[in-house]
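One structure is given here, and the rest of the page talks about it.
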Amino acid sequence: MAAPDLEPRAADPGAALRATTFAAALNTALSDAMAAEPSVCVFGEDVGTLGGVFRITDGLARRFGEDRCFDTPLAESGIAGMAAGMAMNGMRPVVEMQFDAFAYPGLEQIFSHIAKFGNRTRGRVRIPLVVRIPYGGGVGGVEHHCDSSEAYYAHTPGLKIYTPATVADAYLMLREAVDSPDPVIFFEPKKLYWSKEPVDLEALRRQYEDGASDSGGPGGSGEAGADPDGVGAAGRAVVARAGTDVSLISYGPTVATALAAAESAAEDGVSAEVLDLRSLVPFDDAALTATVEKTGRAIVVAEAQGFASVAGEIVARIQERCFHSLASPVRRVTGFDIPYPSPKLEQHHLPDVDRVLDALDMLQWED
Amino acid sequence: MAAPDLEPRAADPGAALRATTFAAALNTALSDAMAAEPSVCVFGEDVGTLGGVFRITDGLARRFGEDRCFDTPLAESGIAGMAAGMAMNGMRPVVEMQFDAFAYPGLEQIFSHIAKFGNRTRGRVRIPLVVRIPYGGGVGGVEHHCDSSEAYYAHTPGLKIYTPATVADAYLMLREAVDSPDPVIFFEPKKLYWSKEPVDLEALRRQYEDGASDSGGPGGSGEAGADPDGVGAAGRAVVARAGTDVSLISYGPTVATALAAAESAAEDGVSAEVLDLRSLVPFDDAALTATVEKTGRAIVVAEAQGFASVAGEIVARIQERCFHSLASPVRRVTGFDIPYPSPKLEQHHLPDVDRVLDALDMLQWED
Amino acid sequence: MDEEITADDGRRPAVVPEEPRQSDEPHEPLAHEKAEQAARIEQTSRSFGITPEQYMLPAAQQIRMLSPDGSLIPEEEQGTSAGHEYPVPEDEALLAAYEALVVGRRINDQNYALVRQGRLAVYPSSHGQEACQVGAALALGADDWMFPTYRDSVAIMTRGVDPVEVMVSFRGDWHCGFDPIAHRVSAPSTPLTTQLLHAVGVAHAAKLRGEDTVVLAMCGDGATSEGDFHEALNFAAVFEVPVVFFVQNNGYAISVPLSHQSAAPSLAHKAIGYGMAGEQVDGNDMVAVLATLRRAVSLARERSMPLLLEATTYRMQAHTNADDDTRYRDAHEVELWRRHDPLTRVQTFLSSRGVLDDDAASRISDRAEEVAASLRTAMTADPPIDPLEIFDHVYAAPTAQLREQRAQLADELARGQED
Amino acid sequence: MDEEITADDGRRPAVVPEEPRQSDEPHEPLAHEKAEQAARIEQTSRSFGITPEQYMLPAAQQIRMLSPDGSLIPEEEQGTSAGHEYPVPEDEALLAAYEALVVGRRINDQNYALVRQGRLAVYPSSHGQEACQVGAALALGADDWMFPTYRDSVAIMTRGVDPVEVMVSFRGDWHCGFDPIAHRVSAPSTPLTTQLLHAVGVAHAAKLRGEDTVVLAMCGDGATSEGDFHEALNFAAVFEVPVVFFVQNNGYAISVPLSHQSAAPSLAHKAIGYGMAGEQVDGNDMVAVLATLRRAVSLARERSMPLLLEATTYRMQAHTNADDDTRYRDAHEVELWRRHDPLTRVQTFLSSRGVLDDDAASRISDRAEEVAASLRTAMTADPPIDPLEIFDHVYAAPTAQLREQRAQLADELARGQED
Ligand SMILES: Cc1ncc(C[n+]2csc(CCOP(=O)(O)OP(=O)(O)O)c2C)c(N)n1
Ligand SMILES: Cc1ncc(C[n+]2csc(CCOP(=O)(O)OP(=O)(O)O)c2C)c(N)n1
Ligand SMILES: [Mg+2]
Ligand SMILES: [Mg+2]
């Protein structure tokens, strides 16, 4: 994946930049969070000895011991429910669901308790945990291994939904998620795990920890005092590429698609702005409105099936808030409304550059 | 609830019309379906001896015996999973989830199997079952008893989602759901259970059974040969009240709200058309487009929290398909993005006539 | 007792690795490594001179100390046996339990009345189950935790939470009323069985910090059918955490009788499938309930391991006020159970023993009346609820979206007031 | 044997209502009505002259008939006992099993090679577990059903499904390849344990129609931790349906060893918690596996009741090709298990018995080569897949939305071809 043109939270450009994978950034974020705060613990299926099937937790059990990073019996409701209990009693659990569809047995715990406990106790019992979910396709996975399930969680009040699209964000947003006083469902685009970008994790760590302590507590943004809403930096969308003619709105795995499409469009003289939402809940309406009001046209690009999806929500919000700026209907480029298809056919299902460009062509440029 | 002005599937007006509750219509539909087809069986928690906590299955165990209508152990994944297996082996199970939020333990079975089995077996194994879910609020229910969870299911390819808003539809749509070759999640607005309308169930039964046999099989609509899409009559939206100035789009419990708002608006000289969607999946785009193109303004009214909801999807579809007909942004009147609040506060959360009228006022009538 | 136990009922003792496994000296093939909990169980059963299976299976009959007429059952008929031994609690503890029982019954009846007066939206009564309620609260130490259900209000109050706070949610407010952290009592769970996993998590967190907190996790007979029951017991055994799973088997899950819920010899027989001990107790026998819960709590604490206790009891009233129990059980059955009322049984026992004299009895009944009266007064007042607060606790700090929505409602309310 | 059984190990027999309950003559209070399954168990155990607990708990040691070196173990050392009796299958059946074992091993190895050549996207091999695979298929009648997992390809093929069809999904196609109804084999389940509930449903539907279909429901050791395992076993016992739950305990769930999965004396000990019988068998002993599965299937069929069978086995290769098993187990452990290879054990036995002569051996190995060759050929061909079919089976008839989306893709494909 290409590094975004605009990365406001990138590390000090003077620092030595090494090619770093998304997976390494997540791993380092967990490791740093555990080092910084003894109540952070990591558990799930195969996350201990094996280091996770994607190796995101590699080395954590060795470094922090089996009390801090451990395998559980194979039961996702158990994982989510035990995490909720540990969070009630002073811990900050970070749990891994092995694949998107395998988180479903935990949905009752997530919807009925993790999302609601803070509210039903009038704020007296907060559930500061992170549920990490590798999601999406593009990795040749067989059935049940490639769902994009963010809409289920995004529709559930009480959860925060983060999904990073860059290596730096993989680090910074996971740190923020761990420090958040609210439960965060952290969606990791699995097709990005082995993508590399030149990133100095050490510098990011300093940046994050200075920022977090500046703002006097967990969830603090990098800029001291710059977070009156308490959303943290992770709660803000980022313009990944500036443009003037059309806004490509995306998150997670499709930010790269949007950037590539913008690149292509530029060759045809169309200047596309790419917005990386980063957080689906809370939602950065200000950033969304700003880009659409600037360009007057928008395409939402997301992998999940489109019906009743987050992409649908974004379209709805754009037309609710920017109606009079729109020169053309907002278009969606999403997965089809079918079960995720097999490795041999996934390329026909996933939004790709051509499909974004097709949508772009239909934006009534003649008007 | 007021009878809709326009009820195209109402029984022969000559027939004796008795005040019939929504609950009685559902009960009769189940009873008639069981009488018509021996493979139909009904099970769930408390549906046998007790007849269900809402009495929708009252008398079925007595009439059809404990093999056809029975209580299960208290386990919703078990209920959904066993139903899937029975459907694989020739039965047509109709299961009850006691309340909306208590269906969540069954979500894995519903998302990963019930929704997908037909597809993953290339159509060789269909799962013709119905999951009945009493949903929504307005009945003074305590926490976890009033969720509007339709978006979770509507976002899941492979499921059909029906939700009736009238007594006649309670009967007809449940009959169709039972006869559908696909799994149907059948959302029953629990605040309508005891609402009454003058309806002749006997006539509806004849209408349904004649139609079903006319069209040569289950899922047939009342009009022979009139269903080339195979969506059945239940798959079509209905204009519950005709109007010219604005379209109020709703389904299930909020159709009554929309109708009442239309009544109020009429007093102020605004002619509102009310569309009762009835089926969320499949979605009747033709009906949606027709009403919005006619009126040029639309408000979507639904109980569920708005973010990433079916209401959001409807707004998105309207702007995608009717952009140039719109005189004003489409507005949503939905529940807030909070856990369903308590009996004492639910009236502040639920969409009501005032809130619809407020939205109506904001539709830029001066333009 | 340190010798090797040979299973005297002809069954094998659990295979326990004697030493931590060495990578160059692998264990016997054709068997898989067993959990440490198995070693703990082996050691525990050995200390009682019985086999692990004998330890984990419930005793031959449920533990019962008071006969239905309130007399003390001879020790050899109490159902106890080696490894299943339950000392009768001291008089003082029993008197305290009796007092809580009387107050608990009074609260149940008061709430029943408040429901009928429309002061409470709903109340799932534990009338008939008060011995379990009281036992649950009194068996715990101050630092222990309790995870109750919707039916366990009396247990929560006995633990020291103000009855008025406990009733807040049943009155129709949007939150649980009391501070779970301060009382170490979780907000009662409505989604069945889910709370057992939270209990395991609380215990696990405590264990990781080196605290010896015991967690009592409560559920009903119906709730044992849910997948979360299985996952919670399994997690507790695998992580060796001191959770006492306390099942109040009142014979019904709403209308569904136990026979439709389980085919097991008893619910306590499920314990061995997780590698923990199970026991059955007469849940209408205050003495036996307290005795078994106390020992379960102390075994759990001392050995850091979970246990399962099934109390056989009966819900004398309908499931809630919304339920009509005549549809699924006959009056005669209810009548039979009335003869085994937990309150009269222990009352007879304590009176005959001279522990409960007239003075004590009237002091206790006065206290019950006081509690009921203050509950009545509080519930009759209708404290205003601020609708805008529904936005304030969804997140630690409201999101921009919620601030917008809050502003909308505030505006509506303001306009409403102008009307 | 019809006399009353007095539990000879000092435990009570299950309380069984002798007659259907009469509304005017309620059952003994302070106990709750037990399920009919309890009566069935009582009757069954009585017919073996043992107590229900003895019947439901696994035998003192796992059932094993062949020693690791392939010799027949003396009957009194096979682990069998009253009520846990397993006749050694006839030679003919064992020879057929051996043939299937050889073919199964060959298929496993062929698929391993195909994965390395990139012809298969993934293959979860059952190398080392083939005795379980073969036993599962051969114990069933033609009208019975099987519910396999992703690891049970060899069982599916042994049941008669064309290997090429079984490999369709692992090759990367979007559907399961074969017709589950025609073969009475469900599409293999990837979401763990979920299929056990489908198995119960299939059995229940058959039972309601009066058919005596037995359903074999398969899962791994890790899968027993999921809530659905609990719900499935409980439903099966409560509805008294003939489902044989067959757990292949290969010691690992990916990297997680059994000791992190369960603290129970054995997984078979879970059975009694549902009111069914549990048994443990040496899963690398083809003779014992077939013997125990056969009896489980016939008990299930005759008495319409579920059973749980745990086979102790070992997965010789990594979890899938994506897994690196050196991270969590040492080569020495794998080596030890290699000495207990199910194939060589039964081969030695059948040869020594004269059942397997050179002719038979070469016929069998020829057949295995044939199957492998045709699999290879089929997998080397790359049959075209029509992308548009992804819309066609989501519903019985595509919705208008899917027709729109199909048209979009068709248009893209058409334009792509024009390029
Ligand atoms: C997950 C879930 N499913 C269903 C319900 C609805 N429900 C509430 S109480 C109840 C019966 C519970 O029975 P039991 O566990 O025996 O407890 P009891 O009410 O008898 O104390 C049911 C089905 C629920 N609250 N949660
Ligand atoms: C519900 C669910 N959770 C997690 C997974 C991921 N997963 C696939 S196989 C596996 C291990 C299964 O172990 P076991 O049941 O012992 O079977 P084995 O693979 O050893 O045959 C896991 C965790 C899954 N498929 N389904
Ligand atoms: Mg109960
Ligand atoms: Mg395994």
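So you know, we letter chains A, B, ... as the sequences are listed, proteins then strands, and number each from 1.
When the options A/Ile133, A/Val281, A/Val184 are evaluated for a side-chain contact (heavy atoms from CB on, under 4.5 Å) with A/Tyr153, the one that passes is A/Ile133.
For the pair C/Leu308 and C/Val247, the tightest heavy-atom approach, listed with the atom from each and the gap, is CD1-CG2, 3.8 Å. Residue A/Ala84 comes nearest to A/Ile114 through the heavy atom pair CB-CG1, 3.9 Å, listed as atom of the first residue, atom of the second, then distance. Taking all atoms of both residues into account, the shortest heavy-atom contact from A/Cys69 to A/Gly48 is SG-CA, 4.3 Å.
Heavy-atom distances place both the backbone and the side chain of C/Ser189 under 4.5 Å from chain A. With a 4.5 angstrom heavy-atom cutoff, C/Phe178 touches chain A only via backbone atoms. Using a 4.5 Å cut-off between heavy atoms, A/Asp67 contacts chain C through both its backbone and its side chain. Looking at A/Glu66, neither its backbone nor its side chain comes within 4.5 Å of chain C, counting heavy atoms on both sides. When heavy atoms are compared at a cutoff of 4.5 Å, C/Ala187 approaches chain A by way of both its backbone and its side chain. Residue C/Asp228 touches chain A through its side chain alone, counting heavy-atom pairs closer than 4.5 Å. With a 4.5 Å cut-off on non-hydrogen atoms, C/Val238 touches chain A through its side chain but not through its backbone. Contact of A/Ser112 with chain C is made through the side chain alone, with heavy-atom distances under 4.5 Å. Neither the backbone nor the side chain of C/Leu402 comes within less than 4.5 Å of any heavy atom of chain A. Both the backbone and the side chain of A/Ile79 come within contact range of chain C, with heavy atoms under 4.5 Å apart.
Formation of a donor-acceptor pair under 3.5 Å by the A/Asp284 side chain with backbone atoms of A/Ala237 is found in this model.
The aromatic rings of A/Phe99 and A/Phe102 lie perpendicular to each other, with more than 60° between the two planes, well past the 30° mark.
Contact count versus chain C (heavy atoms, under 4.5 Å) is highest, among A/Gln109, A/Met91, A/Lys116, for A/Gln109. Between chain A and the options C/Asp179, C/Thr213, C/Asp173, C/Val200, the largest number of non-hydrogen pairs under 4.5 Å is found for C/Asp179. For the options C/His230, C/Arg184, C/Glu404, heavy-atom pairs under 4.5 Å to chain A are most numerous at C/Glu404.
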### Task
Start with the C-alpha gap between C/Trp145 and C/His183, add the side-chain angles, then the distance that decides, and say whether ring pair (Phe, Tyr, Trp, His ring centres under 6.0 Å) holds.
CA-CA 8 Å; C/Trp145 271 80; C/His183 294 282; over 10 Å; no
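Inspection of non-hydrogen atoms places A/Arg120, A/Thr121, A/Arg122, A/Gly123, A/Arg124, A/Val125, A/Arg126 of residues 120-129 of chain A under 4.5 Å from chain C.
Between A/Phe43 and C/His204, a ring centre-to-centre spacing not shorter than 6.0 Å is recorded. Close placement of the A/Phe70 and C/Phe239 rings is indicated, their centers lying within 6.0 Å of each other.
The pair A/Glu37-A/Arg92 does not meet the salt-bridge criterion, since no charged nitrogen lies less than 4.0 angstrom from a carboxylate oxygen. Electrostatic pairing of A/Asp285 and A/Arg317 counts as a salt bridge here, judged by a charged N lying under 4.0 Å from a carboxylate O.
One finds the OG atom of A/Ser77 at 15.5 Å from the OH atom of A/Tyr104 (value rounded to the nearest 0.5 Å).
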